[in-house]
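Let me begin by presenting the structure, written as structure tokens, before commenting on it.
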Amino acid sequence: MTGNKKVTNKDLWERRIANVPRGVSTAYPIFAERAKNAELWDVEGRRFIDFAGGIGVMNTGHCHPKVIAAIHKQVDSYLHTAFQIVPYEPYIVLAEKLNEKAPIDGPAKTIFLSSGAEALENSIKIARVATGRTGVISFVGGFHGRTLMAMALTGKVLPYKKSFGSLASDVYHIPFPMAYHGVSEEDSLKALQYLFKADIEPTRVAAIAIEPVQGEGGFYIAPFTFLKKLRQICDEHGILLIADEVQSGFARTGKLFAIEHSGVKPDLITTAKSLAAGLPLSAVIGKASIMDSVEPGGLGGTYAGNPVACAAGIAVMDLIEEENILNRSTALGELLVKEIQKITEKDKRIGEVRSLGGMVAFELVENSDPHKPLPDLAKQLTNKTLEKGLILLSCGIYGNVIRILVPITAEESIVKEGIQIIEQSLKEL
């Protein structure tokens, strides 16, 4: 509200253009006023179903009462002391919960930070100190963040790397296995062996970082057999395996961490997004011996592990158990796939439908041909669904993948309503 005049989306968009740089991309010209579970209302009072969840941040829904209560309780006590100066119990409690649940072989320790990119940066710092090596390997199509090292690890130039100049050194990329686009496990493993022969010997590699399910890259699921072979290669050469669970973590796939589906135990796990239900909090969880390799003062940050965010994280961890969120994620994925497959029977522009629990996506291609992606259709679809009251995101190397990150706590009727909007929008395009 400005005086007696109610603000509009148009007003705010004009102010956004005038005051915020264009490098901060904004998908849609609507401005949030309030949100609840899987629904959002803009400043003009229009209701939207939220299939984006703040890019995978709202697994337990917008404004869950137990999370809000935990935040209010902490706010009434203190907001900030800097954990490196005066520590506090919420940081310890949340670390204990993560160390207990994380799929790490042996005792684990956790450091808290503020963003997913910051978690990735620190995981590489830790890996380099622990191994005494500098080389890092990641995957084509992977997204790890927009800071310097995270940007180097990211396996896509546009829009993340364009014009930013030299990036962090000693970073190498190999193909991510995606059978739908003709890249097999064997292709990826062969590329890794070529890399060891042509560019960097394995004894100089500190870590291999992989998303068990690529996020921005298109929701491609790393084959479990591939992850097991990667673990074997890392063990053979003394390389640390980093699982980037920033988007795939916190119950999105039906497990607390997606890599649990494979039975593989990484050395380090990075997480963020749904960890604190919307508050800025990230973490690196790892083997205690590895985490302790860095000298005191080498890790941290002024706001890292903020007490209010930690309180929200504790509430999220409790909710996952109390409300059976893991099973609900599996059921959500089954529902989404079933409903989307009904559309594929009528519309051959939908190619592969992928799902690991509630992490679901589908490709838009010409006449079921995976070699003919339709990125323009994906953009048209997300714009059309917005007109009809559904917030939807695209992603992928070719920009033709539609991903669904609706809160796991969403009511079935809301989910079905969202899918119906997708179906109707496709009919009109």
Side-chain angles (χ1 to χ4, degrees), residues 56 116-117 119-121 123-124 127 134-161 167-200 202 205-234 237 239-249 253 257-259 261-262 264 266-271 352 354 356 359 361 363 395-399 401 403:
L120 263 296
E121 294 270 348
S123 73
I124 301 305
T134 58
V136 186
I137 298 170
S138 58
F139 290 82
V140 174
F143 178 79
H144 300 285
R146 292 180 174 87
T147 50
L148 194 63
M149 174 56 75
M151 189 165 48
L153 287 168
T154 292
K156 185 178 180 182
V157 173
L158 290 172
Y160 309 118
K161 299 183 183 184
L167 303 177
S169 62
D170 238 2
V171 176
Y172 306 86
H173 296 90
I174 61 173
F176 188 91
M178 49 181 76
Y180 187 67
H181 291 291
V183 183
S184 67
E185 295 179 50
E186 291 71 24
D187 293 332
S188 293
L189 292 170
K190 192 177 292 183
L192 180 58
Q193 295 305 323
Y194 281 150
L195 184 69
F196 287 158
K197 292 180 183 299
D199 289 311
I200 182 169
V205 177
I208 297 177
I210 186 170
E211 296 167 278
V213 184
Q214 285 197 333
E216 303 299 314
F219 280 33
Y220 298 102
I221 303 163
F224 302 155
T225 51
F226 177 76
L227 291 171
K228 289 175 182 176
K229 290 172 184 174
L230 210 56
R231 176 74 272 179
Q232 291 170 0
I233 291 169
C234 287
H237 297 292
I239 299 169
L240 301 186
L241 181 62
I242 300 173
D244 179 353
E245 296 267 7
V246 168
Q247 192 159 154
S248 60
T253 69
F257 298 103
I259 202 164
H261 290 279
S262 69
V264 170
D267 300 295
L268 298 167
I269 299 171
T270 58
T271 189
E352 184 176 60
R354 292 185 290 276
L356 190 61
M359 197 165 183
E363 302 241 358
C395 64
I397 299 172
Y398 307 106
V401 177
R403 55 178 159 168

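Distance check, rounded to the nearest 0.5 Å: CE of Met149 to CG of Leu120 gives 10.0 Å. Taking CD of Glu363 as the reference point, atom OH of Tyr180 lies at 5.0 Å (rounded to 0.5 Å).
Under the ring pair (Phe, Tyr, Trp, His ring centres under 6.0 Å) criterion, Phe257 pairs with Phe250, sequence neighbours left out. Take Ser188 and apply the side chain to side chain contact (heavy atoms under 4.5 Å, CB included) test, not counting sequence neighbours, and it matches Pro175, Pro177, Val183, Phe226. The ring pair (Phe, Tyr, Trp, His ring centres under 6.0 Å) check on Tyr160 picks up Phe143, with sequence neighbours excluded. Glu121 pairs by the salt bridge (Lys or Arg N to Asp or Glu O under 4.0 Å) definition with nothing, not counting sequence neighbours. Among residues two or more places apart in sequence or in another chain, the ring pair (Phe, Tyr, Trp, His ring centres under 6.0 Å) test is passed with His173 by none. Taking Ala207 as the reference, Ala127, Leu240, Ile242 meet the side chain to side chain contact (heavy atoms under 4.5 Å, CB included) condition, with sequence neighbours excluded. Judged as a side chain to side chain contact (heavy atoms under 4.5 Å, CB included), and not counting sequence neighbours, the contacts of Gln247 are Ile55, Glu216, Phe219, Lys273, Met359, Arg403, Leu405. Looking at residues two or more places apart in sequence or on another chain, you find a side chain to side chain contact (heavy atoms under 4.5 Å, CB included) between Tyr398 and His181, Pro373, Asn400. In this structure, Ser123 has no side-chain hydrogen bond (donor to acceptor under 3.5 Å, both in side chains) partners at least two apart in sequence or on a different chain. Every ring pair (Phe, Tyr, Trp, His ring centres under 6.0 Å) that Phe196 has, sequence neighbours left out, goes to His237. The side-chain hydrogen bond (donor to acceptor under 3.5 Å, both in side chains) test applied to Asp187 returns Ser184, not counting sequence neighbours.
Nearest heavy-atom pair, Lys229 versus Leu189, reported as atom, atom and distance to 0.1 Å: CD-CD1, 3.5 Å. In this structure, Ile210 and Leu227 approach most closely via the heavy-atom pair CD1-CD2, 3.9 Å. Counting all heavy atoms, side chain and backbone alike, Gly145 lies closest to Ala117 at CA-CB, 3.9 Å.
Sorted by first and then second residue, the salt bridge (charged side-chain N to carboxylate O under 4.0 Å, His left out) pairs involving residues 168-182 (not counting sequence neighbours) are Asp170-Arg204.
Side-chain contact between Phe224 and Val264 is absent, with no heavy atoms from C-beta onward closer than 4.5 Å. Side-chain contact between Asp267 and Ile239 is absent, with no heavy-atom pair separated by less than 4.5 Å.
At most 12 non-hydrogen atoms from other residues, nucleotides or ligands lie less than 6.0 angstrom from OH of Tyr194.
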